[in-house]
A.B. asks: 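Quick one: the structure is below, questions incoming.
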Amino acid sequence: MKLVRYTDRRGTKLGVVKGDGVIDLCKRWPSLSDDMIGLINMWSEVRAAVSELVADAPADAALADVHLIAPVSRPGKIMAIGLNYADHVQESGQKTPPHQIWFTKAVTAINGPFDPIQLPLASEATDYEAELVVIIGQRCKHVTKARAAEVVFGYCAGNDVSVRDWQLRTSQWALGKSFDTHAPIGPWIVTSDELGDPHALGIRCFVNGEQRQNSNTRNLIFNVFDQIELLSRAMMLEPGDVIFTGTPGGVGMAMNPPRLLKPGDRGRVEIDRIGAIEAITRPETLA
């Protein structure tokens with residue numbers, strides 16, 4: 001199933017996609033409001049009923065008539081892995097890392113799949129990174145690689161937008177990865193039972209229609225389940241936590257000369273069997 005958060009003239013809602021439409025889950029479970037983490041927490045109880053809705057109920061609205069927003073608005077944490085495709089390691093002038101390299105993105109960086117991405121006042125070095133995003137489905141720790149698939153709720157497309165000068169001026173990347181609007185995800189969560197194996201998905205990024213990145217998740221150095229195993233040794237993973245799984249080669253900073261994002265650029269991330277997110281870049285304005 002494909003689960004969404006969206007807005008219409010009546011407010012913000014949870015929904016499930018049916019063809020070109022969306023079924024309003026808040027009509028059936030009003031207590032959920034627009035809380036995707038709440039839905040994840042009760043998924044084992046409502047999954048069969050939601051499946052029946054998709055099979056039997058008409059859509060409440062056309063997708064074209066609603067505005068899709070970030071499927072998880074305020075995750076407990078966002079974790080992201082660096083240097084996790086060989087071609088990106090090479091273009092970055094690095095050696096293949098012997099261990100997973102992790103950083104955090106601030107939860108305030110979360111952005112909708114089609115909402116504008118801010119080019120910050122503090123920098124002129126904003127870049128794109130197409131990534132497969134994992135949404136955790138249960139509270140867990142010390143998860144083995146063999147059982148890691150069991151704790152995944154679903155998958156999204158994401159863009160690990162990066163402010164390169166802020167990222168690279170210290171050894172710690174978190175600040176340069178955490179600017180507002182710099183973690184767009186969506187357009188929905190494809191549940192893990194629908195997607196199946198996440199390691200055979202084409203992943204692409206386009207800027208103004210020009211393809212910049214083109215790879216496949218089979219090329220991950222540390223795959224999704226490696227990542228979950230390691231992270232869960234260090235921290236409790238919780239429903240709704242977001243994991244950015246790495247970007248392939250083709251980022252703007254690595255080009256000669258660098259091709260960083262400019263005002264008015266339109267960036268698109270596509271992942272097979274998940275969908276696409278797309279946003280225009282706009283200069284940040286003072287509130």
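The shown structure was predicted, so the numbers you read here are calculated from the model rather than taken from an experiment. Numbers here simply count residues along the sequence, with the first being 1.
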A.B. asks: Under 4.5 Å between side-chain heavy atoms, hopping through other hydrophobics if needed: is there a path connecting I221 to I243?
C.D. replies: yes
A.B. asks: Could you please spell out the steps behind the salt bridge (charged side-chain N to carboxylate O under 4.0 Å, His left out) verdict for D193 and R47?
C.D. replies: CA-CA 11 Å; D193 57 341; R47 175 180 169 184; 2.8 Å; yes
A.B. asks: If we check side-chain contact (heavy atoms from CB on, under 4.5 Å) with L3, which of these qualifies: V17, V190, L25?
C.D. replies: L25
A.B. asks: Taking side-chain contact (heavy atoms from CB on, under 4.5 Å) as the criterion, tell me which of L237, V152, V242, V151 meets it with V134.
C.D. replies: V152
A.B. asks: Is there a path from M36 to V22 through hydrophobic residues (I, L, V, M, F, W, Y) whose side chains come within less than 4.5 Å of each other?
C.D. replies: no
A.B. asks: Passes side chain to side chain contact (heavy atoms under 4.5 Å, CB included), N159 versus I117? Steps please.
C.D. replies: CA-CA 10 Å; N159 189 346; I117 292 171; 4.2 Å; yes
A.B. asks: Which pair of non-hydrogen atoms, one from A130 and one from C205, has the smallest distance, and what is that distance?
C.D. replies: CB-CB, 3.8 Å
A.B. asks: Out of the candidates L230, V224, N223, I228, only one should pair with K145 under the side-chain contact (heavy atoms from CB on, under 4.5 Å) rule; please name it.
C.D. replies: N223
A.B. asks: Is it the case that the side chains of D115 and H67 hold a donor-acceptor pair, with the cut-off being a distance below 3.5 Å and no angle test?
C.D. replies: yes
A.B. asks: Using atom types as modelled and distance alone, determine if a side-chain donor or acceptor of R28 lies under 3.5 Å from a backbone N or O of D24.
C.D. replies: yes
A.B. asks: Flag yes if F153 and V16 sit in one hydrophobic cluster, no otherwise; membership is Ile, Leu, Val, Met, Phe, Trp, Tyr, and two members link when side-chain heavy atoms are under 4.5 Å apart.
C.D. replies: yes
A.B. asks: For the pair T170 (side chain) and Q172 (backbone), establish whether a donor and an acceptor sit closer than 3.5 Å, ignoring hydrogens and angles.
C.D. replies: yes
A.B. asks: Grouping I, L, V, M, F, W and Y whenever their side-chain heavy atoms are under 4.5 Å apart, do F114 and I280 come out in a common cluster?
C.D. replies: no
A.B. asks: May I ask you to check whether H99 and F222 place their ring centers less than 6.0 Å from one another?
C.D. replies: no
A.B. asks: Look up atom CD1 in I101 and atom CG in N84, then write down how far apart they are to the nearest 0.5 Å.
C.D. replies: 9.0 Å
A.B. asks: Can a donor-acceptor pair be found between the side chains of T247 and Q213 at a distance below 3.5 Å?
C.D. replies: yes
A.B. asks: Does R169, at its CZ atom, have more than 12 non-hydrogen atoms belonging to other residues, nucleotides or ligands within less than 6.0 Å?
C.D. replies: yes
A.B. asks: Please answer whether the main-chain N or O of A200 pairs with a side-chain N or O of T217 as donor and acceptor at a distance below 3.5 Å.
C.D. replies: yes
A.B. asks: With the side chain counted from C-beta on, respond yes when N216 and I203 share a heavy-atom pair under 4.5 Å apart, and no when they do not.
C.D. replies: no
A.B. asks: Rounded to the nearest 0.5 Å, what's the gap from CE on M253 to CG on L261? Could you check?
C.D. replies: 10.5 Å
A.B. asks: Given side chain to side chain contact (heavy atoms under 4.5 Å, CB included), test I40 with I135 step by step and report yes or no.
C.D. replies: CA-CA 10 Å; I40 295 171; I135 308 297; 4.0 Å; yes
A.B. asks: Can you tell if the side chain of S33 reaches within under 4.5 Å of the side chain of C26, non-hydrogen atoms only?
C.D. replies: no
A.B. asks: Give a yes or no answer on whether the side chain of Q118 reaches the backbone of P283 with a donor-acceptor pair at less than 3.5 Å.
C.D. replies: no
A.B. asks: Flag the pair R212 and E129 as a salt bridge only when some basic side-chain nitrogen lies within less than 4.0 angstrom of an acidic carboxylate oxygen.
C.D. replies: no
A.B. asks: So, do R268 and R266 sit near enough that their side-chain heavy atoms are less than 4.5 Å apart?
C.D. replies: no
A.B. asks: Decide whether K177 and S162 meet the rule of one side-chain donor and one side-chain acceptor closer than 3.5 Å.
C.D. replies: yes
A.B. asks: State, yes or no, whether a side-chain contact exists between P198 and L132 at a heavy-atom distance under 4.5 Å.
C.D. replies: yes
A.B. asks: Could you tell me whether the side chains of W102 and Q100 share a donor-acceptor contact shorter than 3.5 Å?
C.D. replies: yes
A.B. asks: Flag the pair L32 / M42 as yes when at least one side-chain heavy-atom distance between them is below 4.5 Å, and no otherwise.
C.D. replies: yes
A.B. asks: If we only count heavy atoms from C-beta on, is the F225 to V143 side-chain gap below 4.5 Å?
C.D. replies: no
A.B. asks: Mind running side chain to side chain contact (heavy atoms under 4.5 Å, CB included) on R5 and K13 for me, showing each step along the way?
C.D. replies: CA-CA 6 Å; R5 292 177 64 247; K13 301 177 180 180; over 6 Å; no
A.B. asks: With rounding to the nearest 0.5 Å, note down the distance linking CG in L53 to NZ in K27.
C.D. replies: 9.5 Å
A.B. asks: Take K2 and E194 through the test salt bridge (charged side-chain N to carboxylate O under 4.0 Å, His left out) and record every step on the way to the result.
C.D. replies: CA-CA 9 Å; K2 296 180 176 71; E194 176 167 325; 3.1 Å; yes
A.B. asks: Measure across N111 and P116 and return the closest heavy-atom pair with its distance rounded to 0.1 Å.
C.D. replies: ND2-O, 3.0 Å
A.B. asks: For the atom pair NE2 (H88) and OG (S215), what is the distance rounded to the nearest 0.5 Å?
C.D. replies: 11.5 Å
A.B. asks: Between D8 and D65, is any pair of side-chain heavy atoms under 4.5 Å apart?
C.D. replies: no
A.B. asks: Taking it one step at a time, do D35 and R74 satisfy salt bridge (charged side-chain N to carboxylate O under 4.0 Å, His left out)?
C.D. replies: CA-CA 10 Å; D35 181 13; R74 189 57 72 99; over 6 Å; no
A.B. asks: Please report the shortest heavy-atom distance between G82 and F103, naming the atom on each side.
C.D. replies: N-CE2, 3.9 Å
A.B. asks: May I ask you to check if R164 and W166 form a cation-pi contact, with NZ or CZ under 6.0 angstrom from the six-membered ring centre and within 45° of the axis?
C.D. replies: no
A.B. asks: What are the two closest heavy atoms between G275 and A157, and how far apart are they?
C.D. replies: O-CB, 4.2 Å
A.B. asks: Can you get from V50 to V72 by hopping between Ile, Leu, Val, Met, Phe, Trp and Tyr side chains that sit under 4.5 Å apart?
C.D. replies: yes
A.B. asks: Apply side chain to side chain contact (heavy atoms under 4.5 Å, CB included) to the pair Y128 and V161, showing each step before the final yes or no.
C.D. replies: CA-CA 5 Å; Y128 53 84; V161 183; 5.9 Å; no
A.B. asks: How far apart are the closest heavy atoms of L14 and L39, and which atoms are they?
C.D. replies: CD1-CB, 4.1 Å
A.B. asks: Any heavy-atom pair between the side chains of W188 and L68 that's under 4.5 Å?
C.D. replies: yes
A.B. asks: Atom CZ of R139 and atom CG of N41: how far apart are they, to the nearest 0.5 Å?
C.D. replies: 11.0 Å
A.B. asks: Dump the intermediate steps for salt bridge (charged side-chain N to carboxylate O under 4.0 Å, His left out) on D265 and K262, then the final yes or no.
C.D. replies: CA-CA 6 Å; D265 281 347; K262 307 180 300 300; 3.6 Å; yes
A.B. asks: Among V66, I69, D34, which residue satisfies the side-chain contact (heavy atoms from CB on, under 4.5 Å) criterion with T7?
C.D. replies: I69
A.B. asks: Looking only at non-hydrogen atoms, find the nearest pair between K77 and D241 and report the distance.
C.D. replies: NZ-OD2, 2.8 Å
A.B. asks: Would the number of heavy atoms belonging to other residues, nucleotides or ligands and lying under 6.0 Å from CZ of R282 be above 12?
C.D. replies: no
A.B. asks: Measuring from L83:CG to K95:NZ, what's the distance to the nearest 0.5 Å?
C.D. replies: 13.5 Å
A.B. asks: Mark yes when over 12 heavy atoms from residues, nucleotides or ligands other than Q211 sit less than 6.0 Å from its CD; otherwise mark no.
C.D. replies: yes
A.B. asks: Given 3.5 Å as the limit, does a donor-acceptor pair link the side chain of S178 with the main chain of L175, or not?
C.D. replies: no
A.B. asks: Got a sec: does the CG of D56 have more than 12 other heavy atoms crowding it under 6.0 Å?
C.D. replies: yes
